[in-house]
Amino acid sequence: MKLRYIYTLLSLLLVLYFVPANAQTKHKAKKTATKTTAKKSTKPAPKKTTKPASAPTKQKTDAKKLGDAVAKNSSDTTKAGGNKTPDKNQNALSEEIVVTTAYKPVLADAVKIRRNPDLETKIPFKAPLTYTVLDKRLAQDNEIRQLDAMPMPVQQDSLPGNNYAKVGLGNLKTTYGEVYINNGADQALQVGVYAKHLSEDGSLDKQDASKNEIAVFGKSIGATNSVSGRIDYKYNSNYFYGFNQDVPPTIAITPQRQHFSIIGAEGELTKNYADVPNDFTYAFKLKGYDYSDAFKARESNVVLSGFLNETIQQFYVGASGSLDLSTQKDSAYNYGNNLVRVNPYIKFQGDNYKVDAGVNIVDEFGFKSAFYIFPSAKAEIQVIPKYVRLFVEATGDVNKTSLLDFSTVNPFIGPNLQIKNSVDQLDLSAGLKGTLAPGLGFKAFIFRNSVKYLPMFVSNFGPAGNKYAVVYDNGKTRVNGFNGELDYKASEDVNIFGQVDIRSYNLSQQQEAWNLPKFKLTAGTTIRVNNQVSITGSLLFRGSTQDAPYADAVNLIKVTPTTISSFADLSGGVDYKATSKISVFVKVNNILDTTNQSYLYYPDYGFNIFGGIGYSF
């Protein structure tokens, strides 16, 4: 038995050795694999070799270990039981295995790439549907529905209140006060009152001045007409402190005091604007004042003016006129000085042009009688559409001499001023105006005026100091010059503006244009830093002037014409809004601290700073 088992083991080893070797040898020789098809055959079946049951099982296992699958075909392999009688201790089971070739996979036998299924459950959330039924009938859209008027929202005023008051103090014994009160935001009726006060005291003897004003006003807007009126009172005072500080006077001098008292009133009736074709418009104004000074000079004036205008398509036809009545008194005269003006005109304009044509008829009566007819014409044409316009103008008029105007320009006037109306015989001007860039506007023109009886101030020294008198160039005076204006509004918070005026005088009798500057520049700016802080600034540059020769009765000397030097005056201010009702302000005058003189021996105040507090209510 042992020999039998040894023989069987050796046979199995030989089979395992020669079968793979034989398969590899056939593969290298590239012999055609035997293809077996299942067909019926008349040939006798081949003899079947009977092997033990354990032999085929062992052979299959070894073939798998080699990595080659045995190609099997049902028609090539026949399984049948053999006739050989098995051993007594083994089952009678046999199997025939035919190995044709080594396994060579083809593309058709490739295993498909397996993709793992997504096992994560994703169920979208659907919110429960809710709806409400509108209790409103659906409007048809086949017709345009008329829009309903929308009420305007309530406007909030930028100012915290309708009224305000300010008080302040400064280094030159400056006292400042201002109050304004009105009835509030009523579009049809405005009534109010205001008052102002400012006083300063300089370093020179009696170099102090005071300005005071109080007024009441009102305006009513009706359906067709508007009526407005005002009554005011002004009281200004100063001293004649003008002496040559370099030459001490031989006698003691006490400067005299000058004051001006003016009470005035005016009323106006105008037709409201109506956007209708061929509209008829009109306006009438009545105003007057009563003036007096420390030397008992008196002046009363009443002026009635108005215009009538009829619009006919692009034409405007009408006339304006005025009745100007004045009485002027002083210790040396008592004059009636009256003027009547009538200005008929016709105006027409198109998209690129505008023409005003008319005449100015003036009748002068009172202490002097004269009759004048002056041109009153103006034309404009666009040279760059929407940006630049070219204009020319020719006018003439009679300028009434007024004590009130003299005192406003020069507060150091003396008594018994000479009264004579000046005449603008012909004023010619030509220039350009318009917009250079967004927010940048300009106006520039040259002019030539022919003036008769041009008034000028001259020094008039006496024992009480320098009191200015008025003289006239009795012949025809030619005034040539240039005037330019520039206004740049960079934004809602920044605005810069300036104006320059250059003049030359060709006089007929006077040696110089006394105390009339030939160059003058004014400029200013307003800057709003934020809602609480705003800054203002101004600059004045005035060229040199000449004052007439005079006889100094104090020092008993003859003075030749005197040159008053040019100067620059820079001022500024800051306003700070602390709360909605309380604000703080600071103003500075003559920042450069220069000794400016507008009139001989009357220097302006030096560096002056004052500030205070304001309250809105």
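Here, residue 1 is the first one in the sequence, and each next residue gets the next number. All values reported here derive from a predicted model rather than from experimental measurement.
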Q: List the residues meeting side chain to side chain contact (heavy atoms under 4.5 Å, CB included) with Thr175, not counting sequence neighbours, and say none if there are none.
A: Leu169, His197, Ser199
Q: For the pair Tyr615 and Phe617, name the ring-plane relationship: parallel under 30°, tilted 30 to 60°, perpendicular over 60°.
A: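 Plane angle under 30°, so parallel.
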Q: Tell me the side-chain hydrogen bond (donor to acceptor under 3.5 Å, both in side chains) pairs involving residues 529-542, sequence neighbours left out?
A: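 Non-adjacent pairs meeting side-chain hydrogen bond (donor to acceptor under 3.5 Å, both in side chains): Arg528-Asn531, Arg542-Thr545.
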Q: Are more than 12 heavy atoms from other residues, nucleotides or ligands located less than 6.0 Å from atom CG of Leu440?
A: yes
Q: So, Tyr505 and Glu512: side-chain donor and acceptor under 3.5 Å apart, yes or no?
A: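 There is no such pair between these side chains.
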Q: Testing the 3.5 Å rule here: is there a donor-acceptor pair between the side chains of Gln425 and Tyr372?
A: no
Q: Grab the two heavy atoms, one from Tyr472 and one from Phe406, that are nearest each other, plus how far apart they are.
A: OH-CZ, 4.1 Å
Q: For the CZ atom of Arg503 and the CZ atom of Phe482, what is their distance to the nearest 0.5 Å?
A: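 Answer for the CZ-CZ pair, Arg503 versus Phe482, is 12.5 Å.
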Q: With sequence neighbours left out, write down each residue that passes salt bridge (Lys or Arg N to Asp or Glu O under 4.0 Å) with Asp397, or none if nothing qualifies.
A: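 Salt bridge (Lys or Arg N to Asp or Glu O under 4.0 Å) list for Asp397, sorted by chain: Arg341.
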Q: What closest approach, in Å, do Leu428 and Ala394 show between heavy atoms, and which atom pair accounts for it?
A: CD2-CB, 3.6 Å
Q: In terms of heavy-atom contacts, does CG of Asp593 have more than 12 from other residues, nucleotides or ligands at under 6.0 Å?
A: yes
Q: Answer yes or no: does atom NZ of Lys520 have more than 12 heavy-atom neighbours from other residues, nucleotides or ligands under 6.0 Å?
A: no
Q: Residues in side chain to side chain donor-acceptor pair (under 3.5 Å) with Lys420, at least two apart?
A: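 With sequence neighbours excluded, Lys420 shows a side chain to side chain donor-acceptor pair (under 3.5 Å) to Asn474, given in chain and number order.
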Q: The criterion is side chain to side chain donor-acceptor pair (under 3.5 Å); which residues satisfy it with Ser450, sequence neighbours excluded?
A: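 Side chain to side chain donor-acceptor pair (under 3.5 Å) list for Ser450, sorted by chain: Arg478.
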Q: So Phe371 and Val340, do their side chains get closer than 4.5 Å, heavy atoms only?
A: no
Q: With a 6.0 Å cut-off (strictly less than), is the heavy-atom count around OH of Tyr387, excluding the residue itself, greater than 12?
A: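 It does not: Tyr387 OH has 12 such atoms or fewer within range.
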Q: Tell me, please, which residues at least two apart from Tyr164 pass ring pair (Phe, Tyr, Trp, His ring centres under 6.0 Å).
A: Tyr180
Q: Counting C-beta onward and ignoring hydrogens, is there a side-chain heavy-atom pair between Ser422 and Thr401 closer than 4.5 Å?
A: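 A side-chain contact is absent here, since even the closest heavy-atom pair is not under 4.5 Å.
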Q: Answer yes or no: is there a side-chain heavy-atom contact under 4.5 Å between Asp186 and Val191?
A: no
Q: Do Asp363 and Val342 have side chains that approach each other closer than 4.5 Å (heavy atoms only, starting at C-beta)?
A: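 A side-chain contact under 4.5 Å is absent here.
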Q: With sequence neighbours excluded, what pairs up with Lys196 under the salt bridge (Lys or Arg N to Asp or Glu O under 4.0 Å) test?
A: none
Q: Given the rule in the side-chain hydrogen bond (donor to acceptor under 3.5 Å, both in side chains) test, do Thr174 and Tyr605 qualify, once you have shown the distances and angles that lead to the verdict?
A: CA-CA 11 Å; Thr174 304; Tyr605 298 94; over 6 Å; no
Q: Are more than 12 heavy atoms, taken from residues, nucleotides or ligands other than Lys287, located less than 6.0 Å from that residue's NZ atom?
A: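 Atom NZ in Lys287 is not crowded, with 12 or fewer foreign heavy atoms closer than 6.0 Å.
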Q: Would the number of heavy atoms belonging to other residues, nucleotides or ligands and lying under 6.0 Å from NZ of Lys400 be above 12?
A: yes
Q: Asp232: what forms a salt bridge (Lys or Arg N to Asp or Glu O under 4.0 Å) with it, not counting sequence neighbours?
A: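 Checked Asp232 against salt bridge (Lys or Arg N to Asp or Glu O under 4.0 Å); matches are Arg230.
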Q: Under the rule for side chain to side chain donor-acceptor pair (under 3.5 Å), what residues qualify as partners of Glu393, not counting sequence neighbours?
A: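 Per chain and number, Glu393 pairs via side chain to side chain donor-acceptor pair (under 3.5 Å) with no residue.
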Q: Determine whether the side chains of Thr526 and Asn495 contain a donor N or O and an acceptor N or O closer than 3.5 Å.
A: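 No, because no side-chain N or O of Thr526 sits under 3.5 Å from a partner of the opposite role on Asn495.
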Q: Please state whether the rings of Phe445 and Phe447 are parallel, tilted or perpendicular, taking 30° and 60° as the class boundaries.
A: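 Because their plane-to-plane angle lies in the 30° to 60° range, the rings of Phe445 and Phe447 count as tilted.
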Q: Let me check something: any side-chain donor-acceptor pairs from residues 301-312 under 3.5 Å, sequence neighbours excluded? List them with distances.
A:
unit_1 : atom_1 : unit_2 : atom_2 : d
Asn301 : ND2    : Asp324 : OD1    : 2.8
Asn301 : ND2    : Leu325 : O      : 3.3
Asn301 : ND2    : Ser326 : OG     : 2.6
Asn309 : OD1    : Tyr345 : OH     : 3.1
Thr311 : OG1    : Asp279 : O      : 3.3

Q: Rounded to the nearest 0.5 Å, what separation is found between the CZ atom of Arg389 and the NZ atom of Lys354?
A: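 The distance works out to 7.5 Å.
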Q: Going from CG on Leu436 to CZ on Phe442, what distance comes out if it is rounded to the nearest 0.5 angstrom?
A: 4.5 Å
Q: For Gly218, does its backbone N or O pair with a side-chain atom of Asn183 as donor and acceptor, under 3.5 Å?
A: no
Q: For the residue pair Ser210 and Asn212, confirm or rule out a side-chain donor-acceptor distance under 3.5 Å.
A: yes
Q: Distance from Ser203 atom OG to Asp208 atom CG, nearest 0.5 Å?
A: 11.5 Å
Q: Can you see whether Asn483 engages Asp501 through a side-chain donor-acceptor pair at a distance of less than 3.5 angstrom?
A: yes
Q: Is there a side-chain contact between Asn238 and Tyr602 in this structure, where contact means two heavy atoms from C-beta onward sitting under 4.5 Å apart?
A: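 Side chain of Asn238 against side chain of Tyr602, heavy atoms only: no contact under 4.5 Å found.
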Q: Any side-chain heavy-atom pair from Leu339 and Val362 closer than 4.5 angstrom?
A: yes
Q: Any salt bridge (Lys or Arg N to Asp or Glu O under 4.0 Å) involving residues 431-440? Give me the pairs, sequence neighbours left out, ordered by first then second residue.
A: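 Salt bridge (Lys or Arg N to Asp or Glu O under 4.0 Å) check on residues 431-440 returns Glu380-Lys433.
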Q: How many angstroms lie between CG in Asn590 and OG1 in Thr595, if you round to the nearest 0.5 Å?
A: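 It comes to 8.0 Å.
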Q: Check whether any side-chain heavy atom of Ser583 lies under 4.5 Å from a side-chain heavy atom of Tyr576, and answer yes or no.
A: no
Q: How close do Ile221 and Ser226 get, counting heavy atoms only, and between which atoms?
A: CG2-OG, 3.6 Å
Q: For Asn337, check side chain to side chain donor-acceptor pair (under 3.5 Å) against everything at least two apart and list the hits.
A: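 Listed in chain order: Asn421.
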Q: What's the spacing between Asn589 CG and Ser571 OG if we round to 0.5 Å?
A: 4.5 Å
Q: Pairing donors with acceptors under 3.5 angstrom, does anything connect the side chains of Ser491 and Asp493?
A: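 Short answer, no.
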Q: Taking C-beta and beyond as the side chain, do Leu507 and Trp514 meet within less than 4.5 Å on heavy atoms?
A: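 Heavy-atom side-chain distance check fails, nothing below 4.5 Å.
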Q: Say whether Asn399 and Asp424, considering side chains only, have a donor N or O and an acceptor N or O under 3.5 Å apart.
A: yes
Q: Closest approach of Ile564 and Ser598, non-hydrogen atoms and distance?
A: CD1-O, 4.2 Å
